[in-house]
Amino acid sequence: MAKTNGEDEAVLLLPQLPNDIIRRILPLIPTKSAFRISLFSNQFEGAWCSGPEIDLDEGNPDGGINFTNVLKRYLKFRTEGKDLRPDQSLFKFRVRMAMDDPIREDILEKLLICFAKERSIKVLDLSCLTIPARLSSLQTLINIKSLTSLSLESVRIKGDAAPYMRLASSSDLLLPFLKTMSLKSMQLPHSNFSDMLVTRCPSIENLSVISCCFDLEYQQNKFLIPHSATLKCLELRDCNFRYISVDSCWNLETFTSVSESPVVEELSLSECDKLEKIEILEKHLESIDISFLDNKTLSLKIKVDTPNLTSFTLDSEDMRHKCIDGQGSFTHFFEYYYILEEYKRSRTDPSSLFR
């Protein structure tokens with residue numbers, strides 16, 4: 001292969017660098033580039049694996065690299081590196097790849113088992129293209145107790161309902177340090193799934209659920225969060241949940257529900273007394289029920305666009321709230337029942353009553 005003088009010089013110099021210097025350089029460049037460099041000499045073999053952050057993205061084919069071989073080499077490093085130094089602990093692992101090969105699925109599962117044993121990883125981001133990756137059980141994920149951030153896209157968890165029912169009936173914590181969780185384009189295995197992932201993660205603050213649905217086997221189709229003392233932000237977008245119920249999330253500040261799905265029928269928010277902003281843009285939603293316990297100083301910003309709404313209940317004492325439309329806020333405070341009656345009668349945006 002033709003190379004410039006500068007490139008030739010770089011290739012000649014790199015093998016002569018001390019091992020400690022090589023291990024410091026390779027983690028600072030993109031993972032796939034580091035992998036390519038490691039092909040020049042056995043001296044670099046595995047050095048790219050030792051960084052605290054591994055980011056593997058197959059999205060743009062690059063230089064004819066066999067992505068499955070990259071995964072195999074990384075798995076070999078984590079399973080055969082019996083004397084890994086503390087500075088080789090993994091902090092973040094992100095992979096975005098096509099799941100068109102069962103070998104990749106097997107490698108991914110084995111890597112997750114390694115992460116659980118090492119107990120160092122904080123950030124896990126799995127994004128699968130073409131077809132969903134299938135994990136053998138929920139236990140594979142919840143064994144990684146060190147996680148503070150979890151992002152899953154197009155990941156399907158196999159297995160029957162029995163494991164979830166056993167988890168639901170126990171009081172064990174799942175991911176004790178998890179603060180942020182994002183689920184996208186997933187078929188959730190059971191109606192208890194959302195309940196468990198919030199109530200049994202005692203540090204959870206941010207939850208985003210996008211383009212998800214429940215397994216067709218479970219007809220209840222109810223997204224339920226019965227309580228959380230830490231959850232601050234909940235976002236639901238383009239999900240096929242028939243019922244949405246959020247109860248006793250005492251520190252919840254922001255709630256968003258946006259969807260054009262014809263499946264969504266009922267939405268309930270109860271005892272979320274620190275809510276500051278509610279955004280509900282549900283084209284087919286028929287019923288909204290919002291209730292508070294202690295809200296004498298509550299000033300709540302609400303944006304609602306629900307053209308098919310037939311029932312809107314807002315239960316509170318001495319409540320003040322604002323309505324916001326797309327152009328700005330309104331300073332008018334009002335008794336909710338008057339606005340709601342007008343809303344049901346005229347089917348107009350409540351904020352338009354202030355224009």
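Note that the coordinates shown come from a computational prediction; the quantities given were computed from them, not determined experimentally.
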Give me the atom names and distance for the closest heavy-atom approach of [X] to [Y].
X: S149; Y: L178; answer: N-CD1, 3.6 Å
X: S154; Y: C128; answer: CB-O, 3.2 Å
X: L285; Y: E266; answer: CD1-N, 3.7 Å
X: S287; Y: L309; answer: N-CD1, 3.7 Å
X: P176; Y: K145; answer: CD-O, 3.9 Å
X: R78; Y: L111; answer: CG-CD2, 4.5 Å

Residues forming a side chain to side chain donor-acceptor pair (under 3.5 Å) with [X], sequence neighbours excluded:
X: N240; result: S261
X: S151; result: none
X: D289; result: none

**Study point:** Other ILVMFWY residues reachable from L281 by side-chain steps of under 4.5 Å
**Key:**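 Its cluster mates, by chain and number, are V258.
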Is there side-chain contact between [X] and [Y], with at least one heavy-atom pair below 4.5 Å?
X: E109; Y: L112; result: no
X: S268; Y: D247; result: no
X: F241; Y: N221; result: yes

Exercise for review: Would you kindly confirm whether M99 and L124 end up in one hydrophobic cluster when ILVMFWY residues are joined by side chain heavy atoms under 4.5 Å apart?
Suggested key: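 Looking at the clustering, L124 is in the same group as M99.
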Exercise for review: Would you kindly confirm whether L152 and F177 end up in one hydrophobic cluster when ILVMFWY residues are joined by side chain heavy atoms under 4.5 Å apart?
Suggested key: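 No, it is not one cluster - the side chains of L152 and F177 are not joined through contacts under 4.5 Å.
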Practice item. Would you kindly say whether R104 and T68 are connected by a side-chain donor-acceptor distance under 3.5 Å? Key: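 Their side chains do contain a donor-acceptor pair, which is all the 3.5 Å distance test asks for.
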Practice item. Under the ring-ring contact (aromatic ring centres under 6.0 Å, His included) rule, collect the residues that match up with F255, sequence neighbours excluded. Key: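 None.
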Check your understanding: Taking the inter-plane angle between the rings of Y74 and F93 on a 0 to 90° scale, is it parallel (under 30°), tilted (30 to 60°) or perpendicular (over 60°)?
Key ->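 Ring orientation, 0 to 90° scale: parallel.
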Point to revise | N-O pairing of D125 and R96 below 4.0 Å | key: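 No, no charged N to carboxylate O under 4.0 Å.
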Review point. S248 side chain to E271 main-chain N or O, any donor-acceptor pair under 3.5 Å?
Key: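 Flag not set: sc S248 to bb E271 has no pair under 3.5 Å.
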Side-chain donor-acceptor pairs of residues 225-235 under 3.5 Å, sequence neighbours excluded:
| residue | atom | partner | partner atom | Å |
| --- | --- | --- | --- | --- |
| S228 | OG | T230 | N | 3.3 |
| S228 | OG | L231 | N | 3.1 |
| T230 | OG1 | I204 | N | 3.4 |
| T230 | OG1 | I204 | O | 2.5 |
| E235 | OE1 | S208 | OG | 3.0 |
| E235 | OE2 | R237 | NE | 2.4 |

